[in-house]
Amino acid sequence: MPDTMDSHNNSPSHPQKLYSAEAVRELDRLVISQQQIPAIALMKRAGRAAFDYLCSRWPEISDVQVFCGGGNNGGDGYVIAGLAAQRQIPVTVFVGVPADKLKGEALQAYSFAEREGATLVHDLAGLPPEGKHTVLVDALLGTGFSGELRAPVDAAIAHINRSLAPVLAVDLPSGLNADTGYAIEAVQADATVTFIGRKAGLFLGRGPALAGEVVFEDLGAAPEIYAQVSALLVRYSGDSLERLPARAADSYKNQFGHVMIVGGDHGFGGAALMAAESAARCGAGLISLATRPEHVVASLTRRPEVMAHPVVSGQELEPLLEAPDVIAVGPGLGQTPWSEQLLARAGRAQGALVLDADALNILAGGRVLAGIKRDDWVLTPHVGEAARLLGITSVEVTADPVAAAKAIQEKFSGVVVLKGAGTVIAHAEGVDVINTGNPGMASGGMGDLLTGVIAALIGQGMALPAAVRLAVWLHGEAGNRAAADGQRGLLATDLLPHIRTLVD
């Protein structure tokens with residue numbers, strides 16, 4: 001998902017604050033009360049901003065179909081319709097809420113669209129056939145939506161999604177939860193123009209897939225307004241991340257961390273080796289691998305720089321744990337007695353820890369490392385692993401990934417990386433999100449690479465939250481570069497040369 005574009009700055013250089021729907025309503029109230037900007041003026045600004053973007057994005061537009069609900073979101077749609085009619089662009093409005101049920105600014109906007117000559121229809125069958133350059137505008141539901149869709153909105157959303165015409169969503173795609181990014185049925189937009197505050201749901205869960213390009217307009221809200229309202233989380237892009245410092249000319253390997261990867265049970269040796277190689281490509285000074293004896297030859301053949309150690313028990317692992325600065329446990333670990341022994345020993349070692357994959361599943365089982373909380377470990381679950389760590393369903397995690405990540409962090413401490421289209425990072429200071437990567441990365445081994453990158457950055461001296469943020473971005477951006485010629489068939493190891501390039 002591309003980084004959002006500000007109306008004043010198309011290249012963000014600072015982390016972006018993302019707000020809940022309730023917080024955005026408070027921002028809106030403060031703009032009205034403290035800046036003395038009438039609500040109808042804000043609605044007109046929003047409609048104008050969306051209409052101007054529509055005309056710039058689709059300059060050959062032939063006609064517009066606007067789908068309006070009630071409330072302010074519908075009001076924004078009516079303003080867009082009225083402006084299109086003023087421009088002599090044929091415009092038809094599907095009226096989802098009868099005019100006699102509209103109130104306040106939404107009713108004023110409806111009257112504006114009617115007065116300017118927009119065609120108003122109350123049935124989807126009344127919409128004209130779409131032309132070659134028709135654009136649809138979704139203004140059905142606003143930030144207050146939750147629960148199930150009701151008629152006629154459900155039919156209107158289905159109609160929009162069946163269309164081949166491009167779709168502009170006003171504030172957020174209808175059917176998308178503004179806080180969590182959860183959606184069962186929602187508008188699939190090509191672009192979304194959002195106002196006053198960036199809604200967290202646009203960057204979480206299904207939000208990145210549904211919103212398309214996200215354009216932010218502050219509608220003239222003053223900086224001091226934002227200082228009065230707390231954000232739900234912070235979104236980082238590549239140019240707002242802490243990076244590794246340049247290396248001195250007299251650097252030596254011991255300055256850049258010794259990373260050990262623990263994993264690779266029978267049949268899963270490749271996962272541990274990929275994690276080790278990604279740590280090496282990300283700049284760790286020394287790499288060790290503790291794995292099943294039968295995987296050592298393959299490791300030395302593929303990557304002789306990795307110090308591969310055969311271990312058949314936790315007891316054999318014990319003396320190897322004194323040297324590493326960072327230990328990453330989980331890639332290909334399995335859930336056998338061997339796996340549990342290795343996790344039990346590694347989990348009590350000195351130095352930072354990164355837990356992934358089956359290390360998390362064993363941890364969730366409660367037999368190993370029961371009750372332990374550490375400030376110096378990173379847990380990297382996907383949705384299913386997060387559900388097991390919390391004892392809830394995957395659907396519950398998907399419905400509110402921020403709450404799930406925070407709950408895991410509160411339970412285990414440290415830093416939690418809940419992987420997804422919007423990867424949520426929870427730590428003691430707050431919650432972050434990073435949107436990067438592509439669907440081609442939905443293949444085996446990608447998480448193993450991320451584990452290695454996180455461990456390498458910690459080993460090179462970065463604080464855990466900063467290391468995790470940079471690692472998630474590096475991993476996703478490497479995936480984007482590796483997929484430049486196509487996403488299908490993308491392999492985890494295709495990312496390695498790009499990780500090496502990006503880390504510098």
Side-chain angles (χ1 to χ4, degrees), residues 242-264 269 271-293 295-296 298-300 302-311 314-333 341-357 359 374-380 414-415 417 448-468 470-471 474-475 496 499-500 503-504:
E242 178 183 338
R243 305 301 292 264
L244 290 168
R247 294 188 173 185
D250 58 349
S251 297
Y252 57 97
K253 62 188 178 185
N254 291 335
Q255 291 177 303
F256 305 114
H258 181 170
V259 171
M260 170 171 277
I261 308 297
V262 179
L273 181 53
M274 285 189 289
E277 188 167 1
S278 70
R281 290 299 188 188
C282 207
L286 293 167
I287 310 292
S288 293
L289 172 63
T291 189
R292 287 282 191 181
H295 297 144
V296 170
S299 173
L300 294 174
R302 176 173 172 82
R303 188 54 58 209
E305 296 89 348
V306 173
M307 297 176 286
H309 302 276
V311 292
Q315 186 175 0
E316 288 194 359
L317 178 65
E318 188 83 42
L320 302 176
L321 297 175
E322 297 178 4
D325 302 295
V326 186
I327 302 168
V329 190
L333 183 67
Q341 287 183 42
L342 267 57
L343 177 59
R345 298 300 177 99
R348 290 181 169 83
Q350 297 296 313
L353 283 173
V354 182
L355 301 190
D356 183 32
R374 293 184 57 153
D375 293 330
D376 61 348
W377 66 0
V378 178
L379 311 183
T380 65
V415 179
V417 185
D448 304 314
L449 295 191
L450 178 60
T451 295
V453 174
I454 293 172
L457 295 178
I458 295 171
Q460 290 173 82
M462 296 189 76
L464 265 63
V468 168
L470 179 57
L474 286 171
H475 181 252
L496 290 170
I499 288 173
R500 182 188 175 195
V503 78
D504 281 328

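Since we're looking at a predicted model, the values are computed, not measured. We're numbering straight along the sequence, starting at 1.
With hydrogens and angles ignored, the 3.5 Å screen pairs no side-chain donor or acceptor of Asp448 with any backbone N or O of Pro331. Under a 3.5 Å cut-off, the side chain of Thr380 and the backbone N or O of Leu355 do form a donor-acceptor pair. Counting only distance, with no hydrogens or angles, the side chain of Arg374 and the backbone of Leu353 share no donor-acceptor pair below 3.5 Å. At least one donor-acceptor pair closer than 3.5 Å links the side chain of Thr291 to the backbone N or O of Gly264. Between the side chain of Gln460 and the backbone N or O of Cys282, at least one donor-acceptor pair lies under 3.5 Å.
Cation-pi geometry between Arg247 and Phe256 is met: under 6.0 angstrom from the ring centre, within 45 degrees of the axis.
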message: Quick one, Met307 with Ile287, criterion side-chain contact (heavy atoms from CB on, under 4.5 Å). Give me CA distance, side-chain angles, the key distance, then yes/no.
response: CA-CA 6 Å; Met307 297 176 286; Ile287 310 292; 5.9 Å; no
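For the pair Ile458/Leu464, a side-chain contact is recorded, criterion being any heavy-atom separation below 4.5 Å from C-beta on. Under the 4.5 Å side-chain criterion, counting only non-hydrogen atoms from C-beta, Leu321 is in contact with Met260. Side-chain atoms of Asp356 and Leu379, non-hydrogen and from C-beta on, never get closer than 4.5 Å to each other.
Within a 6.0 Å sphere centred on CD of Gln255, heavy atoms belonging to other residues, nucleotides or ligands number more than 12. Counting heavy-atom neighbours within 6.0 Å of Glu305 CD, excluding the residue itself, gives a total above 12. Atom CZ of Arg303 has more than 12 heavy atoms from other residues, nucleotides or ligands within 6.0 Å.
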